[in-house]
> 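Next up is a structure, given as structure tokens.
Proteins come first, then strands; the chains are lettered A, B, ... in the order of their sequence lines, and each starts at number 1.
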There are 2 protein chains.
Amino acid sequence: MENLLRYIHSLTGFSPGNWRALEPALTTIVFSKDEYLLQAGKVCDALFFVSSGYCRAFYNKDGQDINTAFFFENDIATNINSLATGEKSDFSIQASEPLTAIRFDIKKLREVSLLDPAIEALGRKCLQQIAAKQEKHAAMFKLMSPQERYEFLEEHDPGLLQRVSLTQLSSYLGVARETLSRIRSRR
Amino acid sequence: MENLLRYIHSLTGFSPGNWRALEPALTTIVFSKDEYLLQAGKVCDALFFVSSGYCRAFYNKDGQDINTAFFFENDIATNINSLATGEKSDFSIQASEPLTAIRFDIKKLREVSLLDPAIEALGRKCLQQIAAKQEKHAAMFKLMSPQERYEFLEEHDPGLLQRVSLTQLSSYLGVARETLSRIRSRR
DNA sequence: CACTGTTTGTGACGATTGTCACAGGTTAAA
DNA sequence: TTTAACCTGTGACAATCGTCACAAACAGTG
């Protein structure tokens, strides 16, 4: 909970009153490894602030998992598309280790946003962060070769490389597991 | 201008009063082919609603252009990252044909947002749309081969294929110009 | 410690792609 | 019409990557 407060303060000004208004929209949830925060085919109705542990977002293509994102401590995990449009999610979010998250119920969040501009502002900042993250990630694929993408992560997100297994990482980088193993071995 | 009104109404409710409040933030700008809407290295301080013509977003990597997005009529072109953080843009946006755009000045937009919740809501919806677009585009790269990406565009965005030249399109799909030429010829 | 299941490393081979070089087309201006 | 600049198609060849197969390393369990 202290992490969440720090996170919120890093984004926007927030008074004790704002906090009291926000609180009814929040629930702390503990997930065991492999439990789902969001299942493909269901409508996404919440954001999750990761307190401890981490989770992954993945598509299932022809029976194979393809990871598109990892969310660690102080990240917000959700499906913006599904959240905004009410359409079914086409990917899942699943705990990769035991995970504690603070769930933001979107319905309640919208209610309190109408009453409190600071909460409204918080929501917008979150959106911006998520959009910015997507933009950077998409650019990585267009600008770099598989090896360069790996080196980019080494420099900009070494924590991710340490925590995510090779198998999980390979689809995230868009290469075969074997190729990633060889990229690693030749350095 | 009518296009912009239609676009706004498709996103959120808007009264004549809201429109009057928004108008001071807007300017109509005509760009000739190859003029810049945003230059890499400068801070992005506006959003552009494309009225007619189209433009491209591109990175320059080792002297070569790599296109990351195309914006057509009724699209919003901007750099979310630079807009939100005030950092310099690491890509440019340039008119690919003569282009008319409505410029949303971000400074003025923020001012009127504070006064009018409907404008605030509009801004948030735009953000959502942009984030959603990014998410889909990034997924395309992880889930598909070059040929599949081309076929995906044929199905979901045929207009883009008709208007963008092969050379411009190739970097957008992440393949060499020659490879794209061959993908086209073998169908 | 042995057993089992999972993850990682590696070799061989074929398929795809990038690069280089050049030819044919198209467009626009002189 | 001619010229020049640009875009597109194509062949040859090398580099990279994916796939398949299997061995080695590791983790958890009884």
> Output, in order, the C-alpha distance, side-chain angles, deciding distance and verdict of side chain to side chain contact (heavy atoms under 4.5 Å, CB included) for B:Ile66 and B:Phe91.
CA-CA 9 Å; B:Ile66 300 186; B:Phe91 62 83; over 6 Å; no
> OP1 or OP2 of D:dT10 sitting under 4.0 Å from any side-chain N/O of B:Ser181?
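No, outside the criterion.
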> Of the candidate nucleotides C:dT10, C:dT7, D:dT10, which contains the atom at the shortest distance from the side chain of B:Ser185?
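Looking only at heavy atoms from C-beta outward on B:Ser185, the closest nucleotide is D:dT10.
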> Starting from B:Phe58, can I reach B:Leu169 by hopping between I/L/V/M/F/W/Y residues whose side chains sit under 4.5 Å apart?
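Unlinked, B:Leu169 and B:Phe58 end up in two clusters.
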> On the side chain of B:Glu178, is there an atom forming a donor-acceptor pair with the base of C:dC20 - under 3.5 Å, no angle test?
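Side chain to base: pair present.
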> In this structure, how many angstroms lie between the P atom of C:dT7 and the CD atom of A:Gln168, rounded?
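Answer to the nearest Å: 8 Å.
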> Would B:Asp157 and B:Arg163 pass as an ion pair if we require N to O under 4.0 Å?
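Between B:Arg163 and B:Asp157 there is no salt bridge, as every charged N stays at least 4.0 Å from the carboxylate O atoms.
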> Nearest whole angstrom, please: distance from the P of C:dG9 to the CG of A:Leu169.
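After rounding, the gap between these two atoms is 12 Å.
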> Give the rounded distance in Å between these two atoms: CZ of A:Arg184 and P of C:dT7.
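Checked: the CZ to P distance equals 14 Å.
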> Between B:Lys125 and B:Glu120 (salt bridge meaning N to carboxylate O under 4.0 Å), is one present in this structure?
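Answer for the salt bridge query: no.
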> At less than 4.0 Å, is any side-chain N or O atom of B:Thr179 found next to OP1 or OP2 of C:dG18? Yes or no.
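So the side chain of B:Thr179 is within the cut-off, an N or O lying under 4.0 Å from OP1 or OP2 of C:dG18.
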> Answer with base, sugar-phosphate or nothing: what part of the nucleic acid does A:Arg177 contact at a heavy-atom distance below 4.0 Å?
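Since a base atom lies under 4.0 Å of A:Arg177, the category is base.
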> By nearest atom, which of the nucleotides D:dT19, D:dC17, C:dT17 is closest to the B:Pro146 side chain?
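Within the option list, the nearest is C:dT17.
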> Please report the distance, rounded to the nearest Å, between CG in B:Leu173 and P in C:dG18.
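To the nearest whole Å, that distance equals 11 Å.
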> Starting from P on C:dG18, measure out to NZ on B:Lys61 and report it in whole angstrom.
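After rounding, the reported distance stands at 13 Å.
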> Counting only side-chain N and O atoms of A:Arg186, is one of them less than 4.0 Å from OP1 or OP2 of D:dC17?
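True: A:Arg186 side-chain N/O within range (under 4.0 Å) of D:dC17 OP1/OP2.
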> Is the B:Phe14 ring parallel, tilted or perpendicular to the B:Trp19 ring (thresholds 30°, 60°)?
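The rings of B:Phe14 and B:Trp19 stand perpendicular, inter-plane angle above 60°.
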> Whole angstroms only, please: what is the OH-C1' distance between B:Tyr150 and C:dT16?
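From B:Tyr150 OH to C:dT16 C1': 18 Å.
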> What is the separation between atom NZ on A:Lys33 and atom P on D:dG28, rounded to the nearest whole Å?
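Roughly 10 Å, once rounded to whole Å.
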> Looking at A:Arg182 and C:dG11, is any side-chain donor or acceptor paired with a base atom of the opposite kind under 3.5 Å?
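Per atom types, the contact qualifies.
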> Find which nucleotide of DNA chain D each of B:Leu180 and A:Leu180 is nearest to by heavy atoms, and output the residue with the more 5' nucleotide.
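Of the two residues, B:Leu180 wins.
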> Nearest-Å distance, CD (A:Gln147) to P (D:dG18)?
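Those two atoms, CD and P, are 13 Å apart.
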